[in-house]
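Here is the structure we will look at.
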Amino acid sequence: MSKPGNTPIVMKLEQNRKVMNERVGVDQSFDIGFRTLNLLNHEINLYYVTGLCETPIIVELMRQLFEMNELESESEKRSVFQQIKDEIPHQQVEVVPSIEKCITQLLSGLIVIFVQGETEAFIVDVRSYPGRTPEEPDTEKVIRGSRDGYTENIIENTALTRRRIRDERLRHEIMQVGERSKTDICLSYIQDVADPGLVKLIKEEIKNIEIDGLSMADKTLEEFLVHQGRNPFPLVRYSERPDVTAAHLFEGHVVIMVDTSPSMIITPTTYFHHVQHAEEFRQSPAVGTFVRWVRFFGIFASVFLLPLWMLFVMQPDLLPAQLSFIGPNEESTMPVIVQILLADLGLEMLRIAAIHTPTPLSTAMGLIAAVLIGQIAIDVGMFVPEVILYVAVSAIGSYATPSYELSVANKMSRVLLVIFVAIFGIKGFMIGMTLYIIILAHTKSLNTPYLWPFLPFNAKAALQIVLRMSMPSLKVRPSIVHPQNNQRQRS
């Protein structure tokens, strides 16, 4: 993919203006602003994007520049370029020598100032991106805890993280990806904690991305970063909560922020990072452990409940006498496997429909689906009540999974397990479970074993997965991220 060259800024303002007009379409795009000013008998050109700049700041900058005309006596002591540099009332002013840098910063919301007779230009950060205020993410709600969340503004997102980590070793390194989109990407990590090898690996993967633009922002970046292929299980964790992100940074993880996305990419992650929720750490250790176990049961049910029930329906002799009630007591016009697949497909369609349905209508749609369709399907003999029951419990388990990506992957695994059981019986169930575990064990996220701390086994880390430990007892960071500084707190 061809990349633009390094066009230098020349002393003749007309030539610079011609290049800028051709490259950014000043006369064609109505949102590209252009002003010509006369300052101390020198012509200057000012470029900006109207929708991405803070207008009052630009007006104040221009007022300050015009006031310099009243101080012509100082022109003998300092050049016009130096006077502008000294007098601009802004905290972030950069001097750049190339047209490409000017265009990139201009389209990012900064203003560009060219001065007649100079081979450098000023870049002043006056951007003000349109967006919403920080609010609690819908998918990561907690009973106790902060109500702020990341937004689509990368500047606000770095500030929300910095507010929780006031450490001079916290690094926010910004890069740009996409020849046309030039999307801002921020790599966040704590310098003396995060593994330098991991930081270097992620940087190299991002720099090697050659694409027109990141149209789907964080998801497009993820696919370049982890090379997931056909593996349905999530290899990175997404979070819209600054407190969750800060907790992972303290552990030694690396966080990737993509402009225009409120979701932070947390790397590296294992399977068990996707089954934890902030609510567990907002309650006492005992309550947090109870909530975690209930969630684990829900995740287990979302994968194995339907295949197990299908197996017992096909081979009731596997059931002990005390559980002989399991299985349909009524005859149906369709095989059980078809009922399960249709009911599961119907719930998935309901979920998709809920996403695209306006909020005032979603409740009515749910009532129609649950009461009318479900009950009528049972009354006409299309479904037996047990199928609706177990499919509903499995669906609740999917919704109890904190990671949406993991819940969908488990749903796909459940459907395949049901088909295996329908074809091969108990052998199909064992083969399906074995394949499920083998795939998880074989999966790696940025060279990190997906089933750690169980494969490879780490007793202390495994105990922290099973139990929600109190914070004073967590004295060391997880070894899986290879932190430079292993100690969380002094003994």
Side-chain angles (χ1 to χ4, degrees), residues 195 197-198 201-202 205 222-239 248 251-254 265-277 292-293 295-308 310-311 394 397-398 400-421 423-469 476-483:
D195 178 16
L198 175 63
L201 173 64
I202 295 175
E205 292 286 349
E222 178 205 336
E223 293 182 2
F224 278 100
L225 192 63
V226 297
H227 311 290
Q228 188 165 11
R230 293 183 176 87
N231 191 332
F233 294 98
L235 302 183
V236 300
R237 179 177 180 179
Y238 287 100
S239 179
H248 283 83
E251 289 183 352
H253 293 263
V254 177
I265 299 176
I266 300 173
T267 60
T269 54
T270 67
Y271 182 91
F272 299 101
H273 283 101
H274 299 280
V275 300
Q276 296 181 2
H277 192 271
R292 182 175 294 184
W293 286 357
R295 182 172 290 114
F296 285 170
F297 174 78
I299 296 171
F300 180 86
S302 71
V303 180
F304 299 111
L305 181 62
L306 272 177
L308 273 173
M310 179 73 188
L311 178 62
S394 297
S398 296
T401 307
S403 168
Y404 169 75
E405 292 80 9
L406 180 61
S407 69
V408 176
N410 283 338
K411 185 176 298 184
M412 295 171 61
S413 303
R414 178 178 73 226
V415 172
L416 291 176
L417 275 173
V418 168
I419 294 174
F420 274 35
V421 170
I423 298 175
F424 303 108
I426 189 171
K427 292 181 180 179
F429 182 76
M430 298 306 298
I431 292 172
M433 278 192 61
T434 304
L435 288 176
Y436 180 79
I437 296 174
I438 289 175
I439 291 173
L440 291 178
H442 185 70
T443 300
K444 288 188 176 181
S445 172
L446 295 175
N447 300 323
T448 302
Y450 204 52
L451 286 184
W452 184 89
F454 294 98
L455 289 175
F457 185 69
N458 184 312
K460 291 184 179 179
L463 184 63
Q464 294 176 20
I465 296 296
V466 176
L467 304 175
R468 201 292 243 179
M469 310 297 289
V476 297
R477 295 184 172 92
S479 60
I480 194 62
V481 295
H482 307 291

Taking distance alone, no hydrogens or angles, what donor-acceptor pairs closer than 3.5 Å link side-chain atoms of residues 425-434 to residues at least two apart or in another chain?
unit_1, atom_1, unit_2, atom_2, d
T434, OG1, M430, O, 2.7

V275: partners by side-chain contact (heavy atoms from CB on, under 4.5 Å), with sequence neighbours left out: Y271, F272, F296, I299, L406

Sequence neighbours left out, cut at 3.5 Å: what donor-acceptor pairs do the side chains of residues 407-417 make with other protein atoms?
unit_1, atom_1, unit_2, atom_2, d
S407, OG, Y404, O, 2.6
N410, OD1, Y436, OH, 2.9
K411, NZ, E348, OE1, 2.4
S413, OG, A409, O, 3.0
R414, NE, D344, OD2, 3.2
R414, NH1, S302, O, 2.7
R414, NH1, S398, OG, 3.4
R414, NH2, D344, OD1, 2.8
R414, NH2, D344, OD2, 3.1

Rounded to the nearest 0.5 Å, what separation is found between the NE2 atom of H482 and the CG atom of L198? 9.0 Å

When the ring planes of F420 and F424 are compared, do they come out parallel, tilted or perpendicular, using 30° and 60° as the limits? perpendicular

What pairs with T270 under side-chain hydrogen bond (donor to acceptor under 3.5 Å, both in side chains), at least two apart in sequence or on another chain? H273

Sequence-distant partners of R468, salt bridge (Lys or Arg N to Asp or Glu O under 4.0 Å), two or more places apart: none

Within residues 227-239 or reaching into it, pairs that qualify as side chain to side chain donor-acceptor pair (under 3.5 Å) - sequence neighbours excluded: E140-S239, E205-H227, E222-Y238, N231-T443, R237-H248

Donor-acceptor pair, side chain of R292 and main chain of Q276, under 3.5 angstrom: no

I'd like to check the salt bridge (Lys or Arg N to Asp or Glu O under 4.0 Å) partners of E405; sequence neighbours left out, ordered by chain and number. none

Name every donor-acceptor pair, under 3.5 Å, that has one atom in a side chain of residues 453-463 and the other anywhere in the protein, sequence neighbours excluded.
unit_1, atom_1, unit_2, atom_2, d
N458, OD1, K460, N, 3.3
N458, OD1, A461, N, 3.1

Nearest 0.5 Å please: distance from the CG atom of L440 over to the CG atom of L435. 11.0 Å

Is there a side-chain contact (heavy atoms from CB on, under 4.5 Å) between T448 and T269? Walk through the geometry before answering. CA-CA 7 Å; T448 302; T269 54; over 6 Å; no

Can you name the side-chain hydrogen bond (donor to acceptor under 3.5 Å, both in side chains) partners of D195, sequence neighbours left out? none

Tell me whether W293 contacts the main-chain N or O of V466 through its side chain, where contact means a donor paired with an acceptor under 3.5 Å. yes

Going by salt bridge (Lys or Arg N to Asp or Glu O under 4.0 Å), name the residues that satisfy it together with R295, two or more places apart in sequence or in a different chain. E280

Heavy-atom closest contact (V421 atom, M310 atom, distance): CG1-CG, 3.8 Å

Donor-acceptor contact below 3.5 Å, side chain T267 vs main chain V254: yes

For Y450 against P234, the heavy-atom pair lying closest together: OH-O, 2.6 Å

With sequence neighbours left out, the residues meeting ring pair (Phe, Tyr, Trp, His ring centres under 6.0 Å) with F297 are none

